[in-house]
Each structure stands twice: as C-alpha cells, then as structure tokens.
Amino acid sequence: MPTLTCLMCGNRIIPAGIGRPPRWCSDPCRYRAHNRLRHLRVKLARAHSDGLERRAAYLTEWIDRLETTNA
C-alpha cells in the first residue's frame with residue numbers, strides 16, 4: 001500500500017483500505033484546505049481581472065496542488 005501524506009500539513013495518512021484514498025489527515029486539515037482553496041480562487045479571479053498573468057499562474061499552481069490526489 002502506498003504511503004499517503006496530508007495535502008495540508010504533510011503528516012502521514014494510513015488509509016482504511018476501502019473506498020477513496022484520503023487527502024487529509026484530520027477534519028481540521030480538511031477545513032483548512034477548503035478555506036484556503038476558497039480564498040485562492042477569489043485571489044485568482046482578481047488576478048485575472050487585473051491582468052496579472054504571472055500571479056494567476058502562481059495561484060493556479062497552488063490550487064492544483066490542493067486539488068490533486070496523492071495516490
């Protein structure tokens with residue numbers, strides 16, 4: 001079984017063995033990730049509207065990191 005790490009804090013995750021592999025180690029990390037994604041998406045929309053393409057690319061990279069599963 002592959003070793004999984006939490007996408008927010010980097011702690012090791014031990015999967016249950018059934019269902020989807022977990023992304024976060026705990027509920028607080030899951031809440032933090034959802035809040036961070038929400039704020040990053042707002043900043044991304046603002047960067048696009050202001051024409052800041054390098055900033056938009058940077059924010060998109062961070063959004064992809066939080067949305068990507070680590071399986």
Side-chain angles (χ1 to χ4, degrees):
M1 190 174 298
T3 302
L4 303 175
T5 57
C6 178
L7 295 173
M8 276 306 292
C9 67
N11 286 339
R12 188 170 157 229
I13 300 173
I14 301 172
I18 57 173
R20 273 188 294 183
R23 293 171 142 182
W24 303 281
C25 64
S26 63
D27 282 342
C29 277
R30 183 170 56 93
Y31 297 144
R32 244 181 272 131
H34 286 293
N35 285 334
R36 183 163 295 166
L37 277 169
R38 187 181 72 225
H39 290 291
L40 286 173
R41 287 183 182 124
V42 168
K43 288 181 179 183
L44 178 63
R46 191 174 303 139
H48 279 303
S49 68
D50 292 344
L52 304 172
E53 294 306 317
R54 287 185 63 195
R55 176 80 172 155
Y58 175 79
L59 292 169
T60 302
E61 179 183 334
W62 277 100
I63 290 170
D64 289 344
R65 284 183 190 182
L66 288 175
E67 289 180 334
T68 303
T69 59
N70 55 2

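- Side chain to side chain, N35 and R38 meet the donor-acceptor criterion of an N or O pair below 3.5 Å.
- Residue pairs meeting the ring-ring contact (aromatic ring centres under 6.0 Å, His included) criterion with at least one member in residues 33-57, sequence neighbours excluded, are W24-H34.
- Across all their heavy atoms, L37 and E67 have their closest contact at CD2-CG, 4.0 Å.
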For residues 9-22, run the donor-acceptor check on the side chains, cut-off 3.5 Å, and write out each pair with its distance to 0.1 Å, sequence neighbours left out.
none

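- In the hydrophobic clustering of ILVMFWY residues, with side-chain heavy atoms under 4.5 Å counting as a link, M8 and W62 come out together.
- For the pair R55/K43, a side-chain contact is recorded, criterion being any heavy-atom separation below 4.5 Å from C-beta on.
- In R36, the CZ atom is not crowded: 12 or fewer heavy atoms of neighbouring residues, nucleotides or ligands sit closer than 6.0 Å.
- L66 CG to R32 CZ: the interatomic distance, rounded to the nearest 0.5 Å, is 12.0 Å.
- Taking hydrophobic clusters as Ile, Leu, Val, Met, Phe, Trp and Tyr residues chained together by side-chain heavy-atom distances below 4.5 Å, L44 does not share a cluster with L52.
- Note on L40: it clusters hydrophobically with L7, by side-chain heavy-atom contacts below 4.5 Å among ILVMFWY residues.
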